[in-house]
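What follows is a set of notes on a single structure, which appears directly below.
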Amino acid sequence: MVGYAGLTSRGQLTIPKKVRNELSLKSGDTVAWTVVDGLLIGTPRNLEFADLAGFLGDPPNGPATLEQIDAVVRDAVGRQLVGEQQDAEREGAG
């Protein structure tokens, strides 16, 4: 889909109605803007966490409880922090 928008003197763009409808954008939604290789990329940030349910398919070991999810996230964050600490220690020794 292609849409065109003119830039106002105040630096504002109006996203064309067809594009807004395609992306389910509504008044008050946020769009994250990124420049990649000279291209302006607008990414809607209007998703709710619940909208992502099932996005990756069914879990291999069945549904997880919130407690199980929290435990996995804590473990992953802990491993990340330990890895960063080890990297910093290696850089300090070198």
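Scope of the values below: all heavy atoms of this structure, side chains included, with no hydrogens, waters or symmetry mates. Small disclaimer: the values here were computed from a predicted structure and weren't measured.
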Quick one: do V31 and V19 end up in the same hydrophobic cluster if we chain Ile, Leu, Val, Met, Phe, Trp and Tyr together by side-chain heavy atoms under 4.5 Å apart?
yes
Between V35 and W33, is there shared hydrophobic-cluster membership here, with clusters defined by ILVMFWY side-chain heavy atoms closer than 4.5 Å?
yes
P16 and Y4: which non-hydrogen atoms are nearest, and at how many Å?
CG-O, 3.2 Å
Would one find more than 12 heavy atoms of other residues, nucleotides or ligands at under 6.0 Å from atom CG of L66?
no
Between the side chain of R20 and the main-chain N/O of I15, is any donor-acceptor distance below 3.5 Å?
yes
Is the count of non-hydrogen atoms from other residues, nucleotides or ligands lying under 6.0 Å from Q68 atom CD greater than 12?
yes
Can you tell which of V77, V72, D70 makes a side-chain contact (heavy atoms from CB on, under 4.5 Å) with R74?
D70
With a 3.5 Å distance limit and no angle check, can you tell me whether D29 reaches the backbone of K26 through a side-chain donor-acceptor pair?
yes
Do you know the tightest heavy-atom contact between G6 and L13?
O-CD2, 3.6 Å
Decide yes or no for E67 and I69: does some side-chain heavy atom of the first lie under 4.5 Å from some side-chain heavy atom of the second?
no
